[in-house]
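Proteins come first, then strands; the chains are lettered A, B, ... in the order of their sequence lines, and each starts at number 1. Only heavy atoms go into these numbers, but all of them, side chains included; no hydrogens, no water, no symmetry mates.
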Number of protein chains: 2
Amino acid sequence: MLKITRKVEYALIALRHMQSKNVDELTSTKEIANQYGIPQQLLAKTLQQMARDRILEAVQGPAGGYRILAKLDRISLKDFFEKLEGPLGMMDCYFESDCIQISACNIRVPIQRINDNLRNMFTQMTLQEVTQ
Amino acid sequence: MLKITRKVEYALIALRHMQSKNVDELTSTKEIANQYGIPQQLLAKTLQQMARDRILEAVQGPAGGYRILAKLDRISLKDFFEKLEGPLGMMDCYFESDCIQISACNIRVPIQRINDNLRNMFTQMTLQEVTQ
DNA sequence: AATAAATACGACATATTTAATCGTATTTAA
DNA sequence: TTAAATACGATTAAATATGTCGTATTTATT
Ligand code: FES
Ligand code: FES
């Protein structure tokens with residue numbers, strides 16, 4: 001439980017890598033994949049998704065690559081996680097109106113309490129302070 | 001990511017159920033499984049584990065069952081999670097001395113920062129305040 | 001115009017983890 | 001002696017995460 005996924009991990013690695021460069025400089029998928037020994041195809045999909053989410057800007061063609069587009073200090077870790085992985089909740093039923101998963105569930109409120117704390121925490125942390 | 005497991009969920013349901021009874025009263029696995037519609041065998045293993053962890057006390061034989069043994073306000077959510085699921089970390093490598101998973105990983109420190117916040121949060125919450 | 005190197009992306013395959021079940025043994029009240 | 005409960009390792013099934021493949025598109029370079 002509470003494991004970060006590879007997708008998020010690779011995204012963080014990529015961001016941190018790009019932050020160590022000039023803002024306009026481009027980084028290719030290959031460069032990151034080679035340097036950190038991660039699967040290029042998988043990283044590519046992650047970077048593509050970040051580009052769709054307007055966190056990165058993609059430049060196509062040879063000598064193309066990615067650069068950071070968004071203001072990382074304006075993106076909460078919660079938003080970042082949710083962009084990559086969907087709604088952030090400890091229970092599947094958290095976002096559904098009715099908890100049909102377990103009849104007569106008695107821990108809905110307790111779970112939401114934990115959830116709110118989790119979400120609060122990740123709402124207060126920015127992507128910038130994590131990758132800086 | 002960040003999903004609570006069924007084991008933890010069932011454990012919380014059981015605790016909450018027992019808290020609504022007199023302290024000495026016993027609750028059987030069957031009773032909880034039936035009432036909340038959860039797999040009896042799986043719940044049984046969870047309760048057995050909690051008994052080994054001295055959170056519950058088990059009474060064998062017919063008319064046996066479980067009752068709460070520990071002071072729930074003295075058990076942090078972190079300890080509870082770790083008893084049931086093992087070390088609580090967002091990365092597998094968090095508890096290993098050397099991060100061999102990714103060569104030249106550049107996010108060890110950032111990840112640990114997130115981890116520490118997580119662990120802090122769950123250290124401050126007690127089982128009592130979650131299930132009360 | 002042709003080539004090559006990069007991104008874009010859906011579909012598929014594999015691996016890992018979680019969840020559930022099975023089978024059998026033990027305990028003990030009735 | 002029986003029945004109803006806990007104890008627990010082994011196995012199966014399901015879900016999720018991870019990785020790969022194939023193909024298309026873009027565009028700088030030649
Ligand atoms: S089924 Fe929704 S919190 Fe339990
Ligand atoms: S491999 Fe340990 S934090 Fe990256």
**OP:** Answer with yes or no whether the hydrophobic clustering places B/F81 together with B/M121; edges join I, L, V, M, F, W, Y residues whose side-chain heavy atoms lie under 4.5 Å apart.
**Re:** yes

Subject >> Protein-to-nucleotide contact annotation, 5' to 3' order, nucleotides 12-22 of chain C [B base; S sugar-phosphate only; - none; under 4.0 Å, heavy atom] >> reply: ------SSBBB

Original post:
On DNA chain D, which is the earliest and which the latest nucleotide, 5' to 3', with an atom closer than 4.0 Å to a heavy atom of chain A?
Top reply: D/dT18 to D/dA28

Subject >> Watson-Crick/G-U partner (both atom distances under 3.5 Å) of C/dA30 >> reply: D/dT1

Original post:
Looking only at atom types and distance, does a side-chain atom of B/R16 sit under 3.5 Å from a main-chain N or O of A/I107, one as donor and one as acceptor?
Top reply: no

Original post:
Among A/H17, A/Q35, A/K21, whose side chain to side chain donor-acceptor pair (under 3.5 Å) with A/T27 holds?
Top reply: A/K21

Original post:
Judged by atom type as modelled, is there a donor-acceptor pair below 3.5 Å linking the side chain of A/N115 to the main-chain atoms of A/M90?
Top reply: yes

Original post:
What pairs of residues pass the side chain to side chain donor-acceptor pair (under 3.5 Å) test when at least one of them lies in residues 47-68 of chain A, not counting sequence neighbours?
Top reply: A/K7-A/Q49, A/E57-A/R67

**OP:** Determine, using the 4.5 Å side-chain heavy-atom cutoff (strictly less than), whether B/L15 and B/L26 are members of one ILVMFWY cluster.
**Re:** no

**OP:** Could you pick out which residue, A/V59 or B/G61, lies toward the 5' side of DNA chain C when each is mapped onto its nearest nucleotide?
**Re:** A/V59

**OP:** Verify the neighbour count for atom NZ of A/K71: are there more than 12 heavy atoms of other residues, nucleotides or ligands below 6.0 Å?
**Re:** no

Original post:
What about A/I32 and A/L42, same hydrophobic cluster or not, with Ile/Leu/Val/Met/Phe/Trp/Tyr joined at side-chain heavy-atom distances under 4.5 Å?
Top reply: yes

